[in-house]
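Structure record follows, encoded as structure tokens.
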Amino acid sequence: MKALLKSVAFLGLASASQGALAETVDVNALHDWQTVEFASPVNSITSITGGWSVDTYHYSSVGASGHTGQAARSLAPWNHYKYDRKYPFGALLVDIEGMGHMDVKGPMMFEEPVTSIRIRINDIALGDNKGILTVTFE
């Protein structure tokens, strides 16, 4: 299957030259799949800021990469609560129709423009989650 997303080192330079309009979305750790419909097609994720946790009482906030290191080892007995066990707890997951879902750790370029996307935290037990990641698309 052709990869839909590509990491790019100088995404800001490429997107600025195309004159794309940015759309910013807050992704809440307390919700499952959150659907985003764009006003016009987008080609990339240009930034991800903020933080969230899959267990705000026991683990610090993390970014889009999710809980790693000692936190990941401590969370291992609860891996059955991950939406997708391939990715760390708290990873940012995106789903594009026809392509399936994947994790996104930072700026990415889509191989084709998209008009909608679904996005969530990698966790299914959402009650003890807290935080928001702000994702900017262009």
Determine all donor-acceptor pairs shorter than 3.5 Å in which one atom belongs to a side chain in residues 57-65; sequence neighbours excluded.
from: His58; atom 1: ND1; to: Asp55; atom 2: OD1; distance (Å): 3.2
from: His58; atom 1: ND1; to: Asp55; atom 2: OD2; distance (Å): 2.9

- Looking only at non-hydrogen atoms, find the nearest pair between Val114 and Phe38 and report the distance. O-CD1, 3.9 Å
- Message: Side chains of Lys130 and Trp52, heavy atoms from C-beta outward: is any pair under 4.5 Å?
- Response: no
- For residues 21-42, the salt bridge (charged side-chain N to carboxylate O under 4.0 Å, His left out) pairs (sequence neighbours left out) are none
- Item | Atom of Ser44, atom of Phe110 and distance for their closest heavy-atom approach | N-CD1, 3.3 Å
- Query: When hydrophobic residues are tied together by side-chain contacts of less than 4.5 Å, even through go-betweens, does Ile121 share a cluster with Leu30?
  - Reply: no
- Pair Asn122-Asp103, side-chain donor/acceptor within less than 3.5 Å: no
- Query: Distance from Asp128 atom CG to Tyr81 atom OH, nearest 0.5 Å?
  - Reply: 10.0 Å
- Is any side-chain heavy atom of Phe137 less than 4.5 Å from a side-chain heavy atom of Val25? yes
- Query: If you look at every heavy atom in Ile119 and Trp33, which pair is closest and at what distance?
  - Reply: N-CE3, 3.4 Å
- Task: Assess whether side-chain contact (heavy atoms from CB on, under 4.5 Å) is satisfied between Leu133 and Thr49, documenting all intermediate values.
- Result: CA-CA 6 Å; Leu133 290 184; Thr49 59; over 6 Å; no
- Does the pair Val135 and Thr24 meet the rule for a side-chain contact (heavy atoms from CB on, under 4.5 Å), with working shown? CA-CA 6 Å; Val135 182; Thr24 301; over 6 Å; no
Show me the donor-acceptor pairs, under 3.5 Å and distance only, between side chains in residues 84-96 and residues at least two apart or in other chains.
from: Asp84; atom 1: OD1; to: Lys86; atom 2: N; distance (Å): 2.9
from: Asp84; atom 1: OD2; to: His101; atom 2: NE2; distance (Å): 2.6
from: Asp95; atom 1: OD1; to: His101; atom 2: N; distance (Å): 3.4
from: Asp95; atom 1: OD2; to: Arg118; atom 2: NE; distance (Å): 3.1
from: Asp95; atom 1: OD2; to: Arg118; atom 2: NH2; distance (Å): 3.3

- Hydrophobic cluster membership, Val27 vs Ile124, 4.5 Å side-chain cutoff: yes
- Message: Just verifying a value: how many Å separate Asn43 CG and Glu111 CD, rounded to the nearest 0.5 Å?
- Response: 11.5 Å
- Indicate yes or no: at least one non-hydrogen side-chain atom of Ile48 is less than 4.5 angstrom from one of Val104. yes
- Message: Under a 3.5 Å distance rule, please check whether His67 uses its side chain to pair with a backbone N or O of Ser53 as donor and acceptor.
- Response: no
- Backbone N/O of Ile132 and side chain of Asn28: donor-acceptor pair under 3.5 Å: no
- Message: So, taking the atom named CD in Gln34 and the one named CZ in Arg120, what distance separates them when rounded to the nearest 0.5 Å?
- Response: 8.5 Å
- Please check if any side-chain donor atom of Ser47 sits under 3.5 Å from a side-chain acceptor atom of Thr136, or the reverse. yes
- Query: Is the CD atom of Gln70 crowded by more than 12 outside heavy atoms at less than 6.0 Å?
  - Reply: yes
- Message: To the closest 0.5 Å, what do you measure between CD1 (Ile45) and CE (Met108)?
- Response: 7.5 Å
